[in-house]
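First up is the structure itself, then whatever we jot down about it.
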Number of protein chains: 2
Amino acid sequence: MLTEDTLSIRQMCDAFEVTPRTLRFYESKELLFPIRQGTKRFFTRRDRARLKLILRGKRFGFSLEDIRQILDLYDEDGSNEAQALKTYELAQARLAQMEAQRAELDVAITELRNELKASEPMIAGFRRAAE
Amino acid sequence: MLTEDTLSIRQMCDAFEVTPRTLRFYESKELLFPIRQGTKRFFTRRDRARLKLILRGKRFGFSLEDIRQILDLYDEDGSNEAQALKTYELAQARLAQMEAQRAELDVAITELRNELKASEPMIAGFRRAAE
DNA sequence: AGAGCAGTTTACGTTAACGTCAGTGTAACG
DNA sequence: CGTTACACTGACGTTAACGTAAACTGCTCT
């Protein structure tokens with residue numbers, strides 16, 4: 001109970017600067033698995049580790065669904081071989097996706113950087129379009 | 001008239017690789033102003049210039065609303081230095097965002113790559129065992 | 001006249017990640 | 001026992017940028 005290494009929903013919110021709604025939402029999406037005593041939630045250190053990774057993933061712009069799948073990597077439940085292999089392949093696919101995304105971003109950055117360096121073309125471009 | 005320098009909606013779609021729905025949507029959002037003859041639309045060279053910028057803006061990650069505002073600025077008063085500056089600053093801010101995003105993406109890629117390296121031996125073991 | 005396009009309007013559907021009530025419960029404080 | 005403080009469960013609302021389906025209208029060719 002109180003002596004356990006768990007946090008109430010409010011403590012959890014304060015610790016990670018998220019709303020209760022967010023934590024409940026993550027639970028509904030099977031990203032977190034707080035202990036349910038009666039109706040209340042108690043978040044374990046495992047939940048905290050997962051939330052930390054969830055928030056980091058979000059900062060990187062990944063969807064919650066992506067994150068949920070990646071989280072299984074960190075879970076390390078090596079009990080099931082087929083599952084491990086599957087998550088490994090998922091991670092590989094995800095990595096390829098990320099690298100593609102980065103490549104696109106690089107192109108866009110380079111382009112925009114050139115526009116800014118030239119400074120005038122883009123502005124002039126908008127002028128022409130509006131005449 | 002037919003001799004005018006305009007394109008039908010289909011010609012416009014083919015030229016820019018967008019759908020009719022997209023062009024109608026942009027018109028409803030006041031990003032484009034095709035001539036309406038009866039019920040049909042005819043896109044002028046001005047529409048084409050604007051669409052070109054709209055698509056470029058989208059590649060840079062600007063929202064349609066951002067783009068509309070920028071285009072409108074020059075509609076009302078094409079020769080305002082302050083407005084040009086505002087556009088420039090918007091682009092700069094967006095570039096900074098993209099660069100930050102890229103940096104974070106790099107970190108994520110590296111981390112995920114490490115995870116994959118770490119689990120490779122285990123996976124290899126499973127593969128051998130599965131033969 | 002009929003078929004067959006191309007184009008049009010209207011309007012509901014989609015996805016993500018929660019926000020925002022509304023109504024109910026529970027536990028502790030005074 | 002009443003009030004305050006939190007927590008819980010639905011469930012509808014929100015934003016962006018279109019997709020998609022339904023039901024026309026208008027032309028042209030045969």
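Sequence lines set the chain letters: A, B, ... in the order given, protein chains first and strands last, and positions in each chain run from 1. Because only heavy atoms are used, hydrogens play no part in the values below, and waters and symmetry mates are left out as well, while side chains stay in.
B:R113 has its side chain within reach of B:I109: a pair of non-hydrogen atoms, C-beta onward, lies under 4.5 Å apart. Side-chain contact check for B:L105 versus B:Q101: every heavy-atom pair is 4.5 Å or farther apart. When side chains are defined from C-beta on, A:K29 does not count as touching A:E65, because their heavy atoms never get closer than 4.5 Å. When side chains are defined from C-beta on, A:F25 does not count as touching A:L31, because their heavy atoms never get closer than 4.5 Å.
A rotation axis mapping the C1' atoms of four pairs onto the next four is fitted at both ends of the helix from C:dA1-D:dT30 to C:dG30-D:dC1 over five pairs, and the angle between these axes is 30° to 10 degrees.
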Show me, pair by pair, the donor-acceptor contacts under 3.5 angstrom made by side chains of residues 11-18 of chain A, not counting sequence neighbours?
from, atom 1, to, atom 2, distance (Å)
A:Q11, OE1, A:S8, N, 2.8
A:D14, OD1, A:R10, NH1, 2.9

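Spacing between atom CZ of A:R10 and atom C1' of D:dC8 amounts to 14 Å, rounded to whole angstrom units. When the P atom of D:dG26 is taken as reference, atom CZ of B:R36 falls 14 Å away, rounded to whole Å. Protein atom CZ of A:F42 is 12 Å distant from nucleotide atom C1' of D:dC6, rounded to whole Å. A straight line from CZ of B:F16 to P of D:dC18 spans 15 Å, rounded to a whole angstrom.
Between A:D5 and A:R48 there is a salt bridge, since at least one side-chain N of the basic residue sits less than 4.0 Å from a carboxylate O of the acidic one. A salt bridge links A:E111 with B:R59: at least one charged nitrogen is closer than 4.0 Å to a carboxylate oxygen.
Partners of A:E104 by salt bridge (Lys or Arg N to Asp or Glu O under 4.0 Å), not counting sequence neighbours: none found. Every residue two or more places apart in sequence or in another chain that forms a side-chain hydrogen bond (donor to acceptor under 3.5 Å, both in side chains) with B:Q97 is listed here: B:R94.
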Run the numbers on B:L116 and A:Q92 for side-chain contact (heavy atoms from CB on, under 4.5 Å), then give the verdict.
CA-CA 7 Å; B:L116 285 171; A:Q92 264 188 327; 4.2 Å; yes

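A donor-acceptor pair is defined here as one N or O able to donate and one able to accept, closer than 3.5 Å; such a pair exists between the side chain of B:D47 and the backbone of B:F33.
Residues from residues 18-32 of chain B placing a heavy atom under 4.0 Å of any atom in DNA chain D, listed by number, are B:T19, B:R21, B:T22, B:F25, B:Y26.
Heavy-atom distances to DNA chain D give each of B:K40 and B:K58 a nearest nucleotide, and the one nearer the 5′ end belongs to B:K58.
Note on A:R41: every side-chain N or O is 4.0 Å or more away from OP1 and OP2 of D:dA7.
A nucleotide of DNA chain C counts as in contact with chain A when one of its atoms lies under 4.0 Å from a heavy atom; the first and last such, 5' to 3', are C:dA17 to C:dT20.
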